[in-house]
Amino acid sequence: MAGSWDKLAAAAGLAGERRKYPIGVEDYELYEEIGQGVSAIVYRSLCKPLNEIVAVKVLDFERTNSDLNNIMREAQTMILIDHPNVVKAHCSFTNNQTLWVVMPYMAGGSCLHIMKSVHPDGFEEAVIATVLREVLKGLEYLHHHGHIHRDVKAGNILVDSRGGVKLGDFGVSACLFDSGDRQRARNTFVGTPCWMAPEVMEQLHGYDFKADIWSFGITALELAHGHAPFSKFPPMKVLLMTLQNAPPGLDYERDKKFSRHFKQMVAMCLVKDPSKRPSAKKLLKQPFFKQARSNDFITRKLLEGLPVLGARYQALKEKDEVLLAQKKMPDGKKEEISQDEYKRGISSWNFDMDDLKSQASLVTECEDSISCKDSDVSSFFDLDTNLQERATVGPHLSRACSLKYDTDTENDVFTNDKSTVSSPERSICLSRNTSMHRTTIGVLANGQVMKQNCTDSCELDLQEKDSDAIPTSSFHERKFSFSSCSSDGFVSSKERFVLL
Ligand SMILES: Nc1ncnc2c1ncn2[C@@H]1O[C@H](COP(=O)(O)OP(=O)(O)OP(=O)(O)O)[C@@H](O)[C@H]1O
């Protein structure tokens, strides 16, 4: 297996089998921008001598923290790739401070862009099955050749003009095998936090291709909902929540529309112990993929009626800019900081867990609690369907105090310390005591939710929705779970609350 890339290299070198793409900037005309990553901009371009439309990724060495040799090696790897479900590079060359990677033009753009443009709440199940089956075939190929992709996400699933689906972006991919000596587990901290496997975050024992299977599971949720779990949290918090919360899944009310097979497939991928996750090859045999259809189906479902990629990308960019400008200054600033954090995080993953803890503790409780906004509250109100209507409008919430103590709850973790919840303005309170700390969630008569730790408290705004905040594995848990942060910034893994 280790030598497979050599075989590929040899195959790639077979004269006459491949078009020769020129390696000079003068041979390419860059048209409009069609994508942007952390350190690269991608352009639709014309390869003049071949009169062929291609995509050129221009990577700025100054904007990347990665080792130049690594980047060049990855670009080389992309040239050797030969699989219908992995984007290959035609060629690459340097130009001053930049590396140009010439690739096939994927006219549909990424699944992320397609979702953002026309499917903000995610794709239908048959589309997801079709897209994911193709991605898995690409992953199977990469893993078979000793490669971990390390950045599987909707933004890196590209669709061509004929509905072909390919995994793109080898910006962070790694070879499991160092030359000569086989090194199956890696220790470098690379990836995007929402999609990152717990073992990659922990940096304890290294990781292997199973890290891609976790990211694949998260990507499945992203395609199902239109965004990845925890996507609204700052990166450090995402790391902590991934490590300490139960794995996310398709078990909310809104996920009822999805099949049992889909839920099972996601649950198989999102197991914290990597050795218990299936390989790509095994996953492909899952009944969920039986509903996968042809490329034509993808064309019909995703591409028909879509504006051209450049225009779509420009519109999304403008929309993002407007949204950012609309935010009040402190929020805008926060967003900027968060984006910076992501960029730092993606390009240099060399922080340790102590650093992580201290950074997480700087995130205010309110920020953390924004995530609890809706799902926690609405999941909680799932307890009593009569209450669902009250959950939406603030003043009605006061009526919720008629809720009775539910004996179904996990009394074992409950310590009846009413001193924290006896304030008259709080209509409902959920409380949790552990040996570590106590968190109380209260719904105020004016409709705001208050969360109180031993040391601090904050208000939540009920208006926004973010039902990914607290993914828990079982329905029972879901009903009673709130994510919360202790004052040291840690999210408890299994938090159960009871009604007082
Ligand atoms: N061959 C292609 N055809 C069409 N669009 C592309 C192509 N390659 C990349 N893109 C678009 O450009 C975006 C950024 O590209 P890419 O992911 O390779 O950059 P990056 O800097 O490695 O990003 P990141 O590391 O943040 O994922 C993609 O999300 C996709 O929308």
Side-chain angles (χ1 to χ4, degrees), residues 21 28 30-47 52-66 70-71 74-75 77-79 81 84-92 98-117 135 138 149-162 164-174 189-196 212 215 218-219 222 228 231 235 302-303 306 308-317 320 339-349:
Y21 287 82
Y28 295 89
L30 301 188
Y31 295 146
E32 74 278 6
E33 196 177 313
I34 49 170
Q36 191 171 9
V38 179
S39 50
I41 298 181
V42 183
Y43 299 91
R44 187 174 72 92
S45 315
L46 174 70
C47 172
E52 180 184 327
I53 293 293
V54 290
V56 175
K57 178 166 167 173
V58 180
L59 212 135
D60 187 343
F61 291 139
E62 286 196 333
R63 282 171 62 195
T64 172
N65 291 346
S66 308
N70 275 345
I71 297 175
E74 298 304 339
T77 304
M78 278 186 79
I79 294 171
I81 279 164
N85 299 114
V86 186
V87 176
K88 67 175 270 88
H90 293 313
C91 66
S92 66
T98 58
L99 173 73
W100 289 37
V101 183
V102 180
M103 303 172 274
Y105 175 59
M106 303 290 287
S110 74
C111 281
L112 178 69
H113 282 164
I114 299 175
M115 281 196 301
K116 277 186 165 184
S117 301
V135 170
H149 185 281
R150 301 204 291 186
D151 206 12
V152 178
K153 57 182 181 181
N156 284 332
I157 302 174
L158 302 171
V159 183
D160 70 21
S161 58
R162 285 182 291 192
V165 174
K166 294 177 200 276
L167 249 180
D169 189 13
F170 264 57
V172 292
S173 78
F189 211 66
V190 182
T192 310
C194 292
W195 294 262
M196 192 185 277
D212 281 344
S215 308
I218 297 288
T219 304
E222 186 186 11
S231 57
L302 296 188
L303 302 183
L306 262 189
V308 293
L309 179 56
R312 215 180 332 136
Y313 176 73
Q314 196 52 37
L316 284 173
K317 222 173 149 183
D320 281 350
Q339 288 306 319
D340 281 352
E341 242 185 290
Y342 266 106
K343 285 180 184 168
R344 255 192 303 125
I346 292 164
S347 46
S348 64
W349 288 111

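Counting starts at 1 for both ligands and their atoms, in listed order. Bear in mind the structure is a predicted one, so any value in this text is a computation, not a measurement.
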Nearest heavy atoms of [X] and [Y], plus distance in Å:
| X | Y | result |
| --- | --- | --- |
| V102 | V56 | CG2-CG2, 4.3 Å |
| A55 | V42 | CB-CG1, 4.2 Å |
| L309 | G109 | CD1-CA, 3.6 Å |

Rounded to the nearest 0.5 Å, what's the gap from [atom1] on [X] to [atom2] on [Y]? Could you check?
| X | Y | atom1 | atom2 | value |
| --- | --- | --- | --- | --- |
| S110 | M115 | OG | CE | 8.0 Å |
| K166 | K88 | NZ | NZ | 10.0 Å |
| Y28 | C47 | OH | SG | 4.0 Å |
| K57 | M103 | NZ | CE | 6.0 Å |

Enumerate the atoms of ligand 1 whose separation from the nearest heavy atom of [X] is less than 4.0 angstrom.
| X | value |
| --- | --- |
| A55 | 1 (N), 2 (C), 3 (N) |
| D151 | 25 (O), 27 (O) |
| S110 | 31 (O) |
| K57 | 16 (P), 18 (O), 19 (O), 20 (P), 22 (O) |
| G155 | 28 (C), 29 (O) |

So, is [X] polar-close to ligand 1, with some N/O to N/O distance under 3.5 Å?
| X | answer |
| --- | --- |
| N156 | yes |
| V42 | no |
| M103 | no |

For [atom], state which one of [options] supplies the nearest heavy atom.
| atom | options | answer |
| --- | --- | --- |
| atom 11 (C) of ligand 1 | G108, C111, G35 | G35 |
| atom 30 (C) of ligand 1 | L158, I157, I41 | L158 |
| atom 31 (O) of ligand 1 | R150, H113, Q36, R44 | H113 |

Inset, instruction - Could you tell me whether A40 approaches ligand 1 through its side chain, its backbone, both or neither, with non-hydrogen atoms closer than 4.0 Å? - result: both
Inset, instruction - Measure P104 to ligand 1 on non-hydrogen atoms and call it side chain, backbone, both or neither using the 4.0 Å cut-off. - result: backbone
Legend entry - Qualifying residue, where the test is side-chain hydrogen bond (donor to acceptor under 3.5 Å, both in side chains) with E33 and the options are R44, Q314, K317: K317
Legend entry - Heavy-atom donor-acceptor pair, N85 side chain to L167 backbone, under 3.5 Å: no
